[in-house]
Amino acid sequence: MAAEVRVRYAPSPTGQPHIGNIRTALFNWLFARHHGGKFIVRIEDTDQTRLVDGAVEAILDGLRWLNIDWDEGPEVDGPHAPYEQSNRLEIYQRLSEQLLDQGNAYHCHCSREALEQLRKANRESGSYSAEGCRCRALGRAGAVGDPVSDGERVIRFAMPQSGMTQVSDLIRGDVEWRNDLQEDFVILKSDGFPTYHLAVVADDHLMEISHVMRAEEWLPSTPRHLQLYQAFGFQPPEFAHLPMITGPDRAKLSKRHGATAIGEYRDEGYLPEALLNFMVLLGWSLDGSTEVVSLQDIIDNFTLDRITKSAAIFDQDKLLWMNGVYIRDLPAKDLAERMAAYIPRELGCDEHKYLSNIAPLVQERLKRLDESDDMTAYLFGDLAPDYDGAILVQKGMDAESASDALRATIASLEADTAPNDFGHEKLEAMLGELGASLSLSRRQFFGLLRTASTGRNVSPPLFETMEVIGRDRVMSRLHQAAQKLGAAV
RNA sequence: GCCCCGGUCGUCUAGCCAGGUCAGGAUGCCACCCUUUCAAGGUGGAGAUCAGGGGAUCGAAGCCCCUCCGGGGUACCA
């Protein structure tokens, strides 16, 4: 690779940025960073009918969230600005004129319906045939002379009617197409906007893109692009068509497969670094055995020869596992801060501090950050007063023995602990001994205390949890539990 | 219909290009260990006739041919 590596991510702002789309961005970015090249973002807003408000911002937010930075593009600009195709219309129009002049393009007045008929009539190939549409034969002069449909005309590229077009794809190898099977595709629409094909070729050339890395769904349109490069006399870039990401049914990932927008993953509490690690493994591998890879190692080893050819199903289960791995790997303070973002209350200064005491307790139980609120609810404030007292009674006990055990615990704690003397080690020693004298199993006794202290029968280790909750609140919760049991007895 | 790409455990994949030990790892699932619950961790297990069929070879997941299946593309969408 002699020249500088320049790759681009070229999304259309037609909705929420898709996970498959973002994966393409990620691969381009990794490739650029691996080669010390440039990563460019270009907004392909050539379809005026599908624009969605706020989509550009959502796309950029998605990139930022994953920590993918761009060297040229919206907000940062660069030597090839503007980076929104809607602001580059003159370029495409000028280029279309050039093709018209060269005889590589022509005006076409045919209606969609007429073309549809043509395609149907051509049952064998099912494609539009230049023979049916006479516009190409009319040439430039003929088209201009038709005042009636002047406003409806488009410009089509005149595909060569013989020969082959071949690409040496960096991932798929040599692929070739018969030119006579290709349609004369539209390059400039009747509204004056270019189609993807014209715009992408023009801008990739103008922006000096060295490698076009895009999803496999683009492979079939590559011969069109190659022919455009040739007609313009431009040197084509290298092409690398990435395997697609599919849903469990192996069809192209779409909304019906559940969460597909990058923002949903953020909202559900996935760590960006975990999602990134997971996504890169969809189609790329370091060595076949390493799964958790640091970003630096990914960048250092990100080469095209390690990219798979086959499409990959997006496996939520494995993502969840990996998210857990990354959560467990976080420094407690960092985890606490991230958890705070998922607790839908304003946390005071004390509560933030408290949260960093809690974080280590829930760390290895947390799979997603959005569980933070529920998983810490009983640690904050007062216990929900209305949990069912019946869950206090553990397997193999009755309410009376539970009640007795609770009263004994209360008495013992009141006598032998103080607010500043409520450490988990001491609690464990004390209550372990007490439990032994009670003719209850550890499981039963500790289970009872767990439920009484937390209102749940699942929690982090009991004594650490009690310590974090603190003596005052533990005592009041024990009393509360005793009352519930008293009512039941 | 036509064109193109793909096909290794349920899933992500290593191995393929430069044929040669029980096809390796991870996830998910199951069991056991640890254990005050849930997790985490540890150990083990089930799970792939390498899509199928031919062929050349002493030898094929790898090379060649055919078939099947899956997907993508066939728009004045990207």
Side-chain angles (χ1 to χ4, degrees), chain A residues 10-14 21 44-47 49-50 108 110-112 115-116 119-120 122-128 152-156 169 171-173 175-178 181-183 185-191 193-197 199-200 214-223 241 243-244 246 248-252 278 281-292 305-306 308-322 324 328 362-367 375 394 428 431-432 435 441-451 454 456-463:
Chain A
S12 295
T14 54
N21 243 292
E44 309 223 321
D45 52 353
T46 56
D47 185 351
T49 67
R50 295 207 307 156
C108 178
C110 298
S111 66
R112 290 164 196 266
L115 258 19
E116 203 41 52
R119 291 193 182 100
K120 254 188 218 139
N122 194 352
R123 277 238 309 279
E124 192 196 317
S125 74
S127 83
Y128 160 95
E152 290 298 314
R153 69 187 185 183
V154 299
I155 298 178
R156 282 180 190 279
D169 190 275
I171 292 172
R172 277 154 223 282
V175 185
E176 53 181 23
W177 297 265
R178 273 172 56 175
L181 261 20
Q182 300 288 325
E183 291 197 346
F185 57 96
V186 172
I187 56 175
L188 204 73
K189 309 181 218 178
S190 56
D191 64 359
F193 277 73
T195 57
Y196 170 80
H197 307 297
V200 80
R214 62 204 340 180
E216 193 193 346
E217 57 195 290
W218 293 109
L219 189 57
S221 59
T222 306
H241 287 92
M244 302 209 310
T246 73
D249 60 355
R250 296 237 170 249
K252 207 166 157 181
F278 174 75
L281 258 23
L282 256 28
W284 177 87
S285 64
L286 178 63
D287 56 15
S289 60
T290 315
E291 306 275 332
V292 181
D305 60 314
R306 294 211 59 83
T308 333
K309 291 182 167 82
S310 53
I313 293 176
F314 192 90
D315 181 7
Q316 297 271 0
D317 282 342
K318 191 158 181 176
L319 170 60
L320 192 61
W321 162 76
M322 186 162 283
R328 274 170 252 135
V362 297
Q363 185 152 26
E364 62 186 30
R365 280 149 257 269
L366 212 52
K367 287 237 163 90
M375 208 171 270
Q394 309 295 304
E428 177 158 18
L431 296 174
S441 70
R442 288 161 71 80
R443 190 187 200 87
Q444 289 171 326
F445 182 50
F446 294 162
L448 168 67
L449 295 185
R450 163 173 295 104
T451 308
T454 67
R456 306 184 178 191
N457 34 36
V458 171
S459 84
L462 177 60
F463 304 110

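Residue numbers start from 1 in every chain, and the chains themselves are labelled A, B, ... in the order their sequence lines are given, proteins ahead of strands.
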A.B. asks: Can you give me every donor-acceptor pair (side chain of residues 310-321 of chain A, partner residue at least two apart or in another chain, under 3.5 Å) with its distance?
C.D. replies:
| unit_1 | atom_1 | unit_2 | atom_2 | d |
| --- | --- | --- | --- | --- |
| Asp315(A) | OD1 | Asp317(A) | N | 3.2 |
| Gln316(A) | NE2 | Tyr265(A) | OH | 3.0 |
| Lys318(A) | NZ | Glu291(A) | OE1 | 2.9 |

A.B. asks: Report, as a single string ordered 5' to 3', how protein heavy atoms within less than 4.0 Å touch nucleotides 72-78 of chain B: B base, S sugar-phosphate only, - not at all.
C.D. replies: BS-SBBB

A.B. asks: Set out, in order, the CA-CA distance, both residues' side-chain angles and the distance that settles side-chain contact (heavy atoms from CB on, under 4.5 Å) for Thr14(A) and Asp47(A), then state yes or no.
C.D. replies: CA-CA 9 Å; Thr14(A) 54; Asp47(A) 185 351; 5.7 Å; no

A.B. asks: I need a per-nucleotide contact map over nucleotides 35-53 of chain B, read 5' to 3'. Cutoff is protein heavy atoms under 4.0 Å; write B for the base, S for backbone only, - otherwise.
C.D. replies: -BBBBSS------------

A.B. asks: How long is the line joining CZ of Arg172(A) and C1' of G7(B), in whole Å?
C.D. replies: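 Result: 12 Å.
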
A.B. asks: Using a 4.0 Å heavy-atom cut-off across all strands, classify Asp287(A) as base, sugar-phosphate, or nothing.
C.D. replies: sugar-phosphate

A.B. asks: Rounded to whole angstrom, note down the C1' distance from C29(B) over to U74(B).
C.D. replies: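 Roughly 42 Å separates the two C1' atoms.
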
A.B. asks: Shortest non-hydrogen contact from Phe445(A) to Gly435(A)?
C.D. replies: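 Between these two residues, the closest heavy atoms are CD2-CA, 3.4 Å.
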
A.B. asks: Quick check: do Arg365(A) and Val458(A) have side-chain heavy atoms less than 4.5 Å from each other?
C.D. replies: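 Arg365(A) does not reach Val458(A) side chain to side chain.
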
A.B. asks: C1' atom, G6(B) versus U67(B): distance in rounded Å?
C.D. replies: 16 Å

A.B. asks: Go through the steps for Glu216(A) and Arg172(A) under the test salt bridge (charged side-chain N to carboxylate O under 4.0 Å, His left out), then give the verdict.
C.D. replies: CA-CA 10 Å; Glu216(A) 193 193 346; Arg172(A) 277 154 223 282; 3.7 Å; yes

A.B. asks: Would you name the heavy atoms of Leu431(A) and Phe463(A) that are closest together and state the gap between them?
C.D. replies: CD1-CE2, 3.8 Å

A.B. asks: Taking atom C1' of C2(B) as reference, at what distance in whole Å does atom CH2 of Trp177(A) sit?
C.D. replies: 15 Å

A.B. asks: Considering only atom C1', compute the distance from A31(B) to G47(B) and round it to an integer number of Å.
C.D. replies: 15 Å

A.B. asks: If you look at every strand shown and take non-hydrogen atoms under 4.0 Å, does Gly283(A) touch a base, only sugar-phosphate, or nothing?
C.D. replies: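 If one applies the 4.0 Å heavy-atom cut-off, Gly283(A) turns out to touch the sugar-phosphate alone, with no base involved.
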
A.B. asks: Can you measure Phe278(A) atom CZ to G28(B) atom C1' for me and round it to whole angstrom units?
C.D. replies: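 Value for this atom pair: 12 Å.
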
A.B. asks: Both distances below 3.5 Å, Watson-Crick or wobble geometry, any strand: find the nucleotide opposite G44(B).
C.D. replies: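 The answer is C30(B), by the H-bond criterion.
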
A.B. asks: In whole angstroms, how far is the P atom of C12(B) from the CD atom of Gln316(A)?
C.D. replies: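 It works out to 13 Å between those atoms.
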
A.B. asks: For Met322(A) and U11(B), what is the distance between atoms CE and P respectively, to the nearest whole Å?
C.D. replies: 18 Å

A.B. asks: Can you list the residues that meet the side chain to side chain donor-acceptor pair (under 3.5 Å) rule with Arg443(A), with sequence neighbours excluded?
C.D. replies: none

A.B. asks: Would you name the heavy atoms of Leu115(A) and Cys110(A) that are closest together and state the gap between them?
C.D. replies: CD1-CB, 3.6 Å

A.B. asks: Taking the side chain of Leu219(A) as heavy atoms from C-beta outward, which of C4(B), C12(B), G6(B) is closest to it?
C.D. replies: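 Given the options C4(B), C12(B), G6(B), the side chain of Leu219(A) is closest to C4(B).
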
A.B. asks: Roughly how many Å apart are U36(B) and A46(B), using the C1' atom of each and rounding to a whole number?
C.D. replies: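 It works out to 32 Å between them.
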
A.B. asks: When the C1' atoms of A48(B) and A61(B) are considered, how many whole Å apart are they?
C.D. replies: 11 Å

A.B. asks: For C2(B), what is the paired nucleotide under Watson-Crick or G-U wobble rules, both distances under 3.5 Å?
C.D. replies: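 G73(B) is the nucleotide pairing with C2(B).
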
A.B. asks: Just to verify, what does Asp169(A) make a salt bridge (charged side-chain N to carboxylate O under 4.0 Å, His left out) with, not counting sequence neighbours?
C.D. replies: none

A.B. asks: Heavy-atom nearest nucleotide on RNA chain B for Asp315(A) versus Arg306(A): which residue maps closer to 5'?
C.D. replies: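 The residue mapped nearer the 5' terminus is Asp315(A).
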
A.B. asks: Would you kindly give the CD1-to-P distance between Ile313(A) and U11(B), to the nearest whole Å?
C.D. replies: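 For the pair Ile313(A) CD1 and U11(B) P, the rounded distance is 6 Å.
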
A.B. asks: Any base atoms under 4.0 Å from Arg214(A), or only sugar-phosphate, or nothing? Heavy atoms, all strands.
C.D. replies: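 Touches nothing.
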
A.B. asks: How far does the C1' atom of G24(B) sit from the matching atom of A14(B), given to the nearest Å?
C.D. replies: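 Looking at atom C1' only, G24(B) and A14(B) are 7 Å apart.
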
A.B. asks: Identify whether any heavy atom of Gln363(A) sits under 4.0 Å from a base atom; if not, whether one sits that close to sugar-phosphate; answer base, sugar-phosphate or nothing.
C.D. replies: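 Nothing, no heavy atom under 4.0 Å.
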
A.B. asks: Between G59(B) and G7(B), how far apart are the two C1' atoms, rounded to whole Å?
C.D. replies: 25 Å

A.B. asks: According to the Watson-Crick and G-U wobble definitions, with both distances under 3.5 Å, which nucleotide is paired to G59(B)?
C.D. replies: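 Matched G59(B) with nothing under the 3.5 Å cut-off.
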
A.B. asks: I need the NZ-P distance between Lys318(A) and U13(B), as an integer number of Å.
C.D. replies: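 Distance check: Lys318(A) NZ to U13(B) P gives 9 Å.
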
A.B. asks: Hunt down the Watson-Crick or G-U wobble partner of C68(B), both distances under 3.5 Å, from any strand shown, or write none.
C.D. replies: G7(B)

A.B. asks: Would you mind telling me which residue lines up with the more 5' stretch of RNA chain B, Leu319(A) or Gly288(A), judged by nearest nucleotide?
C.D. replies: Gly288(A)

A.B. asks: Taking only residues two or more places apart in sequence or in another chain, which ones pass side chain to side chain donor-acceptor pair (under 3.5 Å) with Arg328(A)?
C.D. replies: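 Not a single residue meets the side chain to side chain donor-acceptor pair (under 3.5 Å) criterion with Arg328(A).
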
A.B. asks: If you measure from the C1' atom in C22(B) to the same atom in C65(B), how many Å do you get, rounded?
C.D. replies: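 One C1' to the other, the span is 31 Å.
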
A.B. asks: Which pair of non-hydrogen atoms, one from Pro13(A) and one from Asp45(A), has the smallest distance, and what is that distance?
C.D. replies: CG-CB, 3.8 Å

